[in-house]
Amino acid sequence: KAGVTQTPRYLIKTRGQQVTLSCSPISGHRSVSWYQQTPGQGLQFLFEYFSETQRNKGNFPGRFSGRQFSNSRSEMNVSTLELGDSALYLCASSLGTSGGEQFFGPGTRLTVL
Amino acid sequence: SQELEQSPQSLIVQEGKNLTINCTSSKTLYGLYWYKQKYGEGLIFLMMLQKGGEEKSHEKITAKLDEKKQQSSLHITASQPSHAGIYLCGAPFSGGYQKVTFGTGTKLQVIP
């Protein structure tokens with residue numbers, strides 16, 4: 001069974017640009033959660049999508065958005081990039097049921113110059 | 001303040017030694033995840049604990065959930081260089097099991 005895949009693995013952008021990250025969950029998983037990891041703030045929850053609907057949201061500004069497609073693949077978009085958005089972005093997939101294990105992808109390393 | 005505090009923040013042990021990492025919550029725990037992360041990479045799922053007093057083991061790693069103390073511990077027996085990495089605990093406080101709050105992390109180095 002293939003694991004969670006994220007593309008691209010590395011990205012370099014400049015301030016003011018926007019970026020789209022992609023996550024393909026494990027086959028059969030309907031929930032995709034996104035996290036941001038930085039040295040200063042650690043690992044923080046961004047949002048979760050389940051069956052194409054945003055089910056949970058963290059405390060991030062509206063510049064961070066996402067969506068999920070009918071095949072459960074998810075994309076995350078960050079508009080008007082700031083230097084502080086440089087981070088490792090991780091997605092996690094799960095069945096979406098209570099008590100379900102979350103499996104993480106390798107992450108996308110975003111650098112904003 | 002952090003909802004999940006891990007201790008110690010970093011640990012250096014000699015190969016073959018046992019070690020324990022603690023995760024303390026400021027809120028009631030309804031479940032707890034343990035993950036391992038190699039620097040700059042994704043998280044590797046270790047185990048999930050859901051009931052007070054529950055204890056799970058995988059190879060040489062054992063984790064226990066003590067809900068009364070709002071604490072979990074991860075114990076590694078006879079550590080090996082392959083155990084090196086960052087250990088993270090995570091808990092679903094609200095919004096379901098897919099919205100996880102993570103601890104501050106414990107960096108483990110194992111010296112051969």
Lys17(B) atom NZ, neighbour heavy-atom count above 12 within 6.0 Å: no

Side chain / backbone / both / neither for Tyr30(B) at chain A, heavy atoms under 4.5 Å: neither

Closest heavy-atom pair and its distance - Glu41(B), Leu88(A): O-CD2, 3.9 Å

Exceeds 12 heavy-atom contacts within 6.0 angstrom, atom NZ of Lys36(B): yes

Contact class of Gln37(A) relative to chain B, heavy atoms under 4.5 angstrom: side chain

Atom group of Leu43(A) that falls short of 4.5 Å from chain B, counting heavy atoms: both

Shared hydrophobic cluster for Leu49(B) and Ile21(B) (ILVMFWY, side-chain gaps under 4.5 Å): yes

Cluster overlap Tyr35(A) with Tyr35(B), hydrophobic side-chain contacts below 4.5 Å: yes

In one Ile/Leu/Val/Met/Phe/Trp/Tyr side-chain cluster, 4.5 Å: Tyr87(B), Leu19(B): yes

Distance-minimising heavy-atom pair for Leu90(A) and Gln37(B): CD1-NE2, 4.3 Å

Met48(B) reachable from Leu88(B) in the ILVMFWY side-chain graph, under 4.5 Å edges: yes

NZ (Lys56(B)) with more than 12 external heavy atoms under 6.0 Å: yes

Toward chain B, the part of Phe50(A) with a non-hydrogen atom under 4.5 Å: neither

Phe45(B) and Phe103(A) aromatic ring geometry - parallel, tilted or perpendicular at 30°/60° bounds: tilted

Separation between CZ of Phe102(B) and CD of Gln41(A), rounded to the nearest 0.5 Å: 15.5 Å

Hydrophobic cluster membership, Leu32(B) vs Ile61(B), 4.5 Å side-chain cutoff: yes

Toward chain B: residues of residues 62-86 of chain A with heavy atoms under 4.5 Å: none

